[in-house]
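Worksheet: one structure, shown below.
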Amino acid sequence: MNSDETDIATVHAAGTEDVDIAVNAARAALKHPSWKDLSGSDRGRMMVKLSELVEQHAETLATIETWDNGMCCSLFRYSLRALSHPSTRG
């Protein structure tokens, strides 16, 4: 909810069955050859790409996180910069 008490978004809570479906899908994905057989180098490149995307979209991610839990936007931006800093990339 915004400070003027207007809704930002409407979301539905997950139930036990929803969580079970998500966990089973994640486990299956880890066992699937498309991930399981991926080399460490390829996984590393994917993590670097993720880091670059986080950096590119830091403002949007900070705004969403602030809406979601009230975390101070500047603190979240700082956390994102630390996570996406080139020194954290292999």
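Since we're looking at a predicted model, the values are computed, not measured.
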Verify same cluster id: Leu50, Leu61 (apolar side-chain graph, 4.5 Å): yes
Backbone N or O of Trp35 within a donor-acceptor pair of the Arg43 side chain at under 3.5 Å?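 Judged by distance alone, yes, a pair lies under 3.5 Å.
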Is it true that a side-chain atom of Ser51 and a backbone atom of Met47 form a donor plus acceptor pair closer than 3.5 Å?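 The answer is no, because no donor-acceptor pair under 3.5 Å joins these two groups.
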Supply the atom-to-atom distance Ile64 CD1 to His57 NE2, rounded to the nearest 0.5 angstrom.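 Nearest 0.5 Å value for the CD1-NE2 distance: 10.5 Å.
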Measure the OG1-CD1 distance between Thr16 and Ile21 for me, rounded to the nearest 0.5 Å. 11.0 Å
Could you tell me which non-hydrogen atom of Ala13 sits nearest to which non-hydrogen atom of Asp18, and how far apart they are? O-OD2, 4.3 Å
Excluding sequence neighbours, so at least two apart, what forms side chain to side chain donor-acceptor pair (under 3.5 Å) with Ser41?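 By the side chain to side chain donor-acceptor pair (under 3.5 Å) rule, Ser41 matches no residue at all.
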Do Leu38 and Met46 touch side chain to side chain, with heavy atoms closer than 4.5 Å?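 In contact.
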